[in-house]
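Heads up: the structure comes next, in structure tokens.
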Amino acid sequence: MKFEEYFDSLRGKTVAVIGIGVSNRPLIELLLSHGIQVTACDRKDRAALGELAARLEEQGCRLQLGEGYLEGLHQDIIFRTPGMRPDLPQLSAAVAGGSCLTSEMEVFFRVCPCPIIAVTGSDGKTTTSSIIAEMLRASGKAVHLGGNIGRPLLAEAGTMKESDIAVLELSSFQLLTMEASPHIAVMTNLAPNHLDVHKDFAEYITAKENIFTHQSAQDVAVFNCDNDITRAQSKRAIGTVRLFSRKTEVEEGVFLRGDAIMVRTGGVERKVMETSDIRLPGVHNIENYMAAIAAVEGLVTDEAIRSVARDFQGVEHRIELVRTLRGVRYYNDSIATSPDRTIAGLNSFHQKVILIAGGKNKGIPYDSIGPVINAHVKLLILCGATAGVIRTAVEQAENYDGLEIVDVDDYHQALSVAQSHAGEGDVVLLSPASTAFDRFANFMERGKVFKEIVNGLK
């Protein structure tokens, strides 16, 4: 269905949009601009929304705010916000009454006029999505990067061309009810995550699998061969399967041979580049590049791939150097919302670091992070709901040898402690191994606050 056809089909119908956050505001205004009757629902009250509430009402939007914002939903179409379970009683009642439950991303898949490349996984999806977009741009493609990264794209779909390419990062929340899959799907890896929202790990995996289960034989799916779960998933993909691996030479896909990144397709192999060409540190970024190379095979030149690898400095909030003060380097790795990402971050440094960690508890295990912290950290500063479980993981690890651990109330105090302990040549790393939702709207806000405090240090 074309963009205008979809929105024309909504005229005369009632629409509810749940959540008036950054991701849904363009959707609300887009619906209003097409003359559609919209009710915007949000847990925040009018005072918390400020001028936004009045601005939306001026455009004809009805607001349903506060604690009862989900009560009485009955609209023809209901857009849920990512992170909200579709089986909440209020949503289930609305669906039973005839409402159609959907999301901004589900509609984007229906109206997007160009091919979609989408990336999901427990870790690495933001960097991999960004690398894919950069490689396509380096080859002269018009690229739209969005989804769980950057900006929502539905409002822009009307201006996209068939020759463009949309690159999406997709979360398990966005994929949970998805009934369409992209032309090229990338699964970076899978490990327990977001178990505070998903019923269990099985539901989390099932949600992620929607990225490839609705593909056709003409589509492509990329899987991490080194991850047991994603390797097993690759055997159930319908379209062309490409694997990537640091540990084995795959028959079809991307692999390492010594320090060379190789591509093998149809029995023919070639060297694309050396790992030393990759500007970003850490073995996890070698994996990210291999996943990206598998995704863009046949779409970009090898020279474009090498050019991006040499120049791309990474995404904001991912092992981002904030500043160097009196010989101490301060890094923002706020995007590390799981133990595996923090482990990857710690392994990127050749020295022991001062680590600031902790955040919202997602109900996932932290046992794996304990030994790595003991091996790579000289001072551990903990802040947030997961401080206790991280401390336990560290102290119960076999290699625990009395690592100094300090609990703090906020990042001001954390950085004060870090600065007092750091000397020339040291690294101070924020890598929370947890989501930001205990204190911040998202990991971007958390990273921004951290950087502001670091830049204010004297």
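Computed from a prediction, not measured in an experiment: that's the story for all the values here. This chain uses plain numbering: 1 for the first residue, then up along the sequence.
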Spell out, as yes or no, whether a donor-acceptor pair under 3.5 Å connects the side chain of [X] to the backbone of [Y].
X	Y	result
N347	I343	yes
D259	E274	no
R242	V222	no
N24	G19	yes
T128	K125	no
T301	A304	yes
S245	K247	yes

Residues [X], [Y]: salt bridge by 4.0 Å N-O rule:
X	Y	answer
E287	R246	yes
R137	E134	yes
R306	D277	no
E57	R46	yes
R231	D228	yes
R85	E203	yes
E445	K448	no
R43	E67	yes

Scan side-chain atoms only and decide if [X] and [Y] contain a donor-acceptor pair under the 3.5 Å cut-off.
X	Y	value
T159	E156	no
K208	T120	yes
T188	D123	no

Calculate, to the nearest 0.5 Å, the distance between atoms [atom1] and [atom2] belonging to [X] and [Y] respectively.
X	Y	atom1	atom2	value
L380	I390	CG	CD1	7.0 Å
T126	M444	OG1	CE	9.0 Å
L52	R55	CG	CZ	5.0 Å
R279	Y289	CZ	OH	10.0 Å
H412	C383	NE2	SG	11.0 Å
S348	D333	OG	CG	8.0 Å

Would S130 and L145 count as a side-chain contact (heavy atoms from CB on, under 4.5 Å) if you check the C-alpha gap in whole Å, the side-chain angles of each, and the deciding distance to 0.1 Å?
CA-CA 8 Å; S130 300; L145 177 63; 4.3 Å; yes
Note, [X] side chain near [Y] side chain (heavy atom, < 4.5 Å):
X	Y	result
F450	L415	yes
R329	L321	yes
H183	I116	no
I354	V377	no
I373	V394	yes
F255	V263	no
H284	I319	yes
Q233	L190	yes

Taking every non-hydrogen atom, the tightest pair across [X] and [Y]:
X	Y	value
G447	S334	N-OG, 3.4 Å
L153	E104	N-OE2, 3.3 Å
L457	R323	O-NH1, 3.0 Å
K451	E320	NZ-OE2, 3.0 Å
L176	R80	CB-NH2, 4.0 Å
I364	P339	CD1-CD, 3.4 Å

Ring pair (Phe, Tyr, Trp, His ring centres under 6.0 Å) for F223 and F212? Distances and angles first, verdict last.
CA-CA 10 Å; F223 297 90; F212 71 87; 5.1 Å; yes
Is the number of heavy atoms from other residues, nucleotides or ligands under 6.0 Å of K360 NZ greater than 12?
yes
Answer yes or no: are there more than 12 heavy-atom neighbours, outside E51 itself, under 6.0 Å from its atom CD?
no
In terms of ring plane angle, is the pair H317 and F443 parallel, tilted or perpendicular, where the classes change at 30° and 60°?
perpendicular
Using the test ring-ring contact (aromatic ring centres under 6.0 Å, His included), find all partners of F3 that sit at least two apart in sequence or belong to another chain.
F7
Kindly indicate, with the supporting measurements, whether the criterion salt bridge (Lys or Arg N to Asp or Glu O under 4.0 Å) is fulfilled by D426 and K352.
CA-CA 8 Å; D426 276 339; K352 288 194 172 185; over 6 Å; no
With a 3.5 Å cut-off and sequence neighbours excluded, list the donor-acceptor pairs that the side chains of residues 396-407 form with protein atoms.
| unit_1 | atom_1 | unit_2 | atom_2 | d |
| --- | --- | --- | --- | --- |
| N399 | OD1 | N374 | ND2 | 3.1 |
| N399 | ND2 | P371 | O | 2.9 |
| D407 | OD2 | R391 | NH2 | 2.7 |

Begin from the C-alpha positions of N148 and L170 and carry the test side-chain contact (heavy atoms from CB on, under 4.5 Å) through to its verdict.
CA-CA 5 Å; N148 200 45; L170 297 179; 6.0 Å; no
Determine whether Q419 and Y330 satisfy the following criterion, side-chain contact (heavy atoms from CB on, under 4.5 Å), listing intermediate values before the conclusion.
CA-CA 10 Å; Q419 189 176 30; Y330 292 82; 3.8 Å; yes
I'd like to know whether S122 forms a side-chain contact (heavy atoms from CB on, under 4.5 Å) with D340, so could you lay out the CA-CA distance, the side-chain angles of the two residues, the decisive distance to 0.1 Å, and finally the verdict.
CA-CA 9 Å; S122 298; D340 285 348; 5.8 Å; no
Take N224 and T230, measure what side chain to side chain donor-acceptor pair (under 3.5 Å) needs, and give me the verdict at the end.
CA-CA 6 Å; N224 185 343; T230 56; 5.0 Å; no
Take T39 and Q64 through the test side chain to side chain donor-acceptor pair (under 3.5 Å) and record every step on the way to the result.
CA-CA 7 Å; T39 299; Q64 187 163 310; 5.8 Å; no
ring-ring contact (aromatic ring centres under 6.0 Å, His included): which pairs involve residues 347-387, sequence neighbours left out?
Y331-F349
Tell me which one of V308, L299, D164 satisfies side-chain contact (heavy atoms from CB on, under 4.5 Å) with L136.
L299
Among N361, T342, T386, whose side chain to side chain donor-acceptor pair (under 3.5 Å) with S434 holds?
T386
